[in-house]
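Okay, structure first, notes after.
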Amino acid sequence: MSEATPSRAPAFRWVLRAVALAGAPAEVLDFLLPLWAAAALGAGPAVTGALIAVEAVVSLLVRPLAGVLADRFDRRLTAAAGAAGYALSCAGYALADGLASPLPAAFAAAAVGGAGGALFWVAVRTWTGEQGGDRLSAYGALLAAEGRGALVGYVAAFVLLGNSGYAAVFWAGAAACVLAAVLLATAPASPGSAPAARPAHGGPPGRRTLPFMTVAAITAAGEAGLWLILLLRLQSDGLSPAQVMAVFCPGFLVFILVPEHAHRVTGPLGRERTMVVAFAAGTLFAAGLAIVPTPTGIAVLWAFAAACFAAQTPVEQATVSAAAGDRPGLGMGLYEGARLVGVTVGAAALGGLYQAAGWVAACAVAASASLVGAVLVPYAIRALALPKDGPADGSADGPVDDSANGPAEAAVPAAKDDGGPEDGGVATPSGARARRERQGWYVHSALFAVGEAALWALGAPGWIGRTWITAYVVDTLWSWSYAIRSRKE
């Protein structure tokens with residue numbers, strides 16, 4: 001990938017940093033909010049469910065409006081407003097913790113957080129799709145940034161929670177979101193930050209996108225439902241919150257390491273084949289959970305599922321951006337809304353089924369849903385009527401990065417790179433790649449150090465620590481292999 005590709009464009013780096021900052025508290029809140037409501041507010045299951053429902057309903061209602069705003073106004077400012085909403089929401093939860101009547105403040109914070117999340121994610125993902133060049137790579141970089149933010153957010157949250165309580169976690173989240181808002185508001189202008197004319201490719205989003213939105217909802221339902229029943233299963237086995245998160249750590253590592261590289265496989269494979277394979281793998285994963293109930297087996301299977309999601313989600317988002325015509329914001333808003341519906345339905349359905357019929361039945365239904373998604377994908381893709389480039393393999397479905405998605409990676413001209421002293425000043429694409437891989441390795445090393453320290457502090461190094469070290473060693477060898485290749489050239 002050349003320096004000119006969107007995932008490394010200067011303005012896009014600002015977006016990725018903001019996503020990591022604002023995405024961390026958003027991810028952590030999904031996990032901690034029910035626990036906080038019960039422990040700090042004394043809320044029962046009904047009130048806790050209502051609190052979560054308020055955020056979800058507001059977010060769902062605002063998402064189409066967020067798409068319209070992203071089509072009409074500067075996406076930097078729209079995303080910054082969303083990050084500011086996240087900050088206000090976190091501050092509201094922190095203040096509610098000390099009030100005599102905390103529930104009104106908590107519900108207000110939930111509503112503001114729902115609206116802020118809609119503005120932030122729709123604007124950011126619309127901006128990502130408008131970067132030009134290799135759109136699939138850009139969405140992969142965005143997903144990797146979300147994974148980095150979530151991992152750091154969970155580590156910081158558990159450290160703060162153990163030492164200072166819930167209010168400290170909320171205030172830290174508010175500070176991170178404020179910083180994200182500042183980064184977005186001051187980000188350099190880029191081709192995707194302001195609305196611009198683009199080919200219609202079949203007109204604005206409408207009935208033809210409905211099958212694909214259904215597929216997106218199934219993807220989100222499976223992801224959220226499996227996450228919930230896994231969480232419930234591990235808690236019922238007596239694992240502490242720290243041990244539960246340790247089981248999910250390999251999946252977080254996958255979300256950090258895989259998305260930025262997955263496009264090398266999913267691009268040539270094509271959007272239809274990629275999504276069918278991912279759904280089929282999700283079916284095997286869900287079925288495997290029914291017979292592999294140990295924490296170690298669950299961790300391995302969840303990492304496998306995370307790899308499928310990491311490959312499939314950027315393909316979904318790139319396809320939505322390509323099919324949205326001259327209304328990319330609206331298309332992304334509808335897509336985000338479909339995913340939110342899937343998350344809500346999937347979590348409620350599988351959670352209720354797990355309670356009523358048990359673990360095996362819940363896993364069987366999750367596997368069946370993935371199988372339905374695999375069957376629907378070919379019809380959903382063809383209903384979009386996207387243009388093709390005429391792939392060399394003669395298949396009915398072109399590469400993911402065809403004319404609708406912008407030029408494929410090989411078609412992006414390599415930017416001149418001096419290579420730096422370590423690369424001998426050679427202006428080669430491999431020299432630029434080697435420098436980027438080293439920079440990524442520095443970030444991964446910092447994350448590894450923080451995560452390893454947190455695991456020791458929480459008393460949960462064990463097998464998860466060995467898995468973490470193995471992944472870090474593989475990442476180190478992968479990253480520095482490019483430096484060796486560059487020196488040879």
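We're numbering straight along the sequence, starting at 1.
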Item to check | Sub-4.5 Å side-chain heavy-atom contact between Thr128 and Gln317 | outcome: no
Checklist entry - Does Leu184 reach the side chain of Phe120, with side-chain heavy atoms less than 4.5 Å apart? => result yes
Item to check | Residue pairs passing the salt bridge (charged side-chain N to carboxylate O under 4.0 Å, His left out) test where at least one lies in residues 347-376, sequence neighbours excluded | outcome: none
Checklist entry - In Å, rounded to the nearest 0.5 Å, how long is the span from OG of Ser89 to CG of Leu29? => result 6.5 Å
Next on the checklist: Less than 4.5 Å apart, side chain to side chain, heavy atoms only: is that true for Pro328 and Asp71?
Outcome noted: yes
Next on the checklist: Just to verify, what does Ala144 make a side chain to side chain contact (heavy atoms under 4.5 Å, CB included) with, not counting sequence neighbours?
Outcome noted: Arg148, Pro259, Glu260
Checklist entry - So, for Ser370 and Thr283, which heavy atoms are closest and what is the spacing to 0.1 Å? => result CB-OG1, 3.2 Å
Item to check | By salt bridge (charged side-chain N to carboxylate O under 4.0 Å, His left out) - contacts of Glu146 (at least two apart) | outcome: Arg125
Item to check | Step-by-step side chain to side chain contact (heavy atoms under 4.5 Å, CB included) determination, Leu371 to Phe279 | outcome: CA-CA 6 Å; Leu371 188 60; Phe279 272 119; over 6 Å; no
Item to check | ring pair (Phe, Tyr, Trp, His ring centres under 6.0 Å) partners of Tyr154, counting only residues at least two apart | outcome: Phe31, Phe252
Item to check | Heavy-atom closest contact (Leu330 atom, Pro64 atom, distance) | outcome: CD1-O, 4.3 Å
Checklist outcome for this item: Looking only at heavy atoms, the pair that brings Val112 and Gly85 closest together is CG1-O, 3.4 Å
Checklist entry - About how many Å separate CD1 of Ile381 and CZ of Arg273, when rounded to the nearest 0.5 Å? => result 12.0 Å
Checklist outcome for this item: Separation between CD1 (Ile298) and CG (Leu234), nearest 0.5 Å, reads 4.5 Å
Item to check | Closest non-hydrogen atom pair between Ala280 and Ala374, with its separation | outcome: N-CB, 4.4 Å
Checklist entry - Can you name the side chain to side chain contact (heavy atoms under 4.5 Å, CB included) partners of Val372, sequence neighbours left out? => result Ile218, Leu376
Checklist entry - Mind checking what makes side chain to side chain contact (heavy atoms under 4.5 Å, CB included) contact with Val277, not counting sequence neighbours? => result none
Checklist entry - Partners of Leu226 by side chain to side chain contact (heavy atoms under 4.5 Å, CB included), sequence neighbours excluded? => result Ile229, Phe285, Ala286, Leu289, Trp302, Ala366
Item to check | Sub-4.5 Å side-chain heavy-atom contact between Leu230 and Trp359 | outcome: yes
Checklist outcome for this item: Heavy-atom closest pair (Ile52 atom, Pro34 atom, distance to 0.1 Å) is CD1-CG, 3.6 Å
Checklist entry - So, do Arg339 and Met213 sit near enough that their side-chain heavy atoms are less than 4.5 Å apart? => result no
Next on the checklist: According to side chain to side chain donor-acceptor pair (under 3.5 Å), does anything in residues 59-69 pair up with another residue at least two apart or in another chain? List the pairs.
Outcome noted: Ser59-Arg63, Arg63-Glu336
Checklist entry - Considering residues at least two apart in sequence or located in another chain, which fulfil the side-chain hydrogen bond (donor to acceptor under 3.5 Å, both in side chains) criterion with Trp121? => result Tyr86
Checklist entry - Between atom OG1 of Thr319 and atom OH of Tyr139, what is the distance when rounded to the nearest 0.5 Å? => result 9.5 Å
Checklist entry - Cys90 and Pro25: which non-hydrogen atoms are nearest, and at how many Å? => result SG-CB, 4.2 Å
Next on the checklist: Return the CG to OG1 distance between Leu301 and Thr296, rounded to the nearest 0.5 Å.
Outcome noted: 11.0 Å
Next on the checklist: Let's go through Arg75 and Thr126 carefully: what are the C-alpha distance in whole Å and the side-chain angles of both, what is the deciding distance for side-chain hydrogen bond (donor to acceptor under 3.5 Å, both in side chains) to 0.1 Å, and is it a yes or a no?
Outcome noted: CA-CA 8 Å; Arg75 288 155 191 151; Thr126 303; 5.3 Å; no
Next on the checklist: Determine whether a donor-acceptor pair (N or O, by modelled atom type, separation under 3.5 Å) exists between the side chain of Thr344 and the backbone of Leu340.
Outcome noted: yes
Next on the checklist: Within the 4.5 Å heavy-atom criterion, are Cys363 and Tyr354 side-chain neighbours or not?
Outcome noted: no
Item to check | Worked verdict on Glu55 versus Leu33 for side chain to side chain contact (heavy atoms under 4.5 Å, CB included) | outcome: CA-CA 11 Å; Glu55 181 178 6; Leu33 196 57; 4.0 Å; yes
Checklist entry - Do the non-hydrogen side-chain atoms of Pro378 and Val276 ever get within less than 4.5 Å of each other? => result yes
Using a 3.5 Å cut-off and no angle test, enumerate the donor-acceptor pairs between side-chain atoms of residues 303-314 and protein atoms at least two apart in sequence or in another chain.
from, atom 1, to, atom 2, distance (Å)
Gln312, NE2, Thr219, OG1, 3.0
Gln312, NE2, Glu316, OE2, 3.2
Thr313, OG1, Phe309, O, 2.9

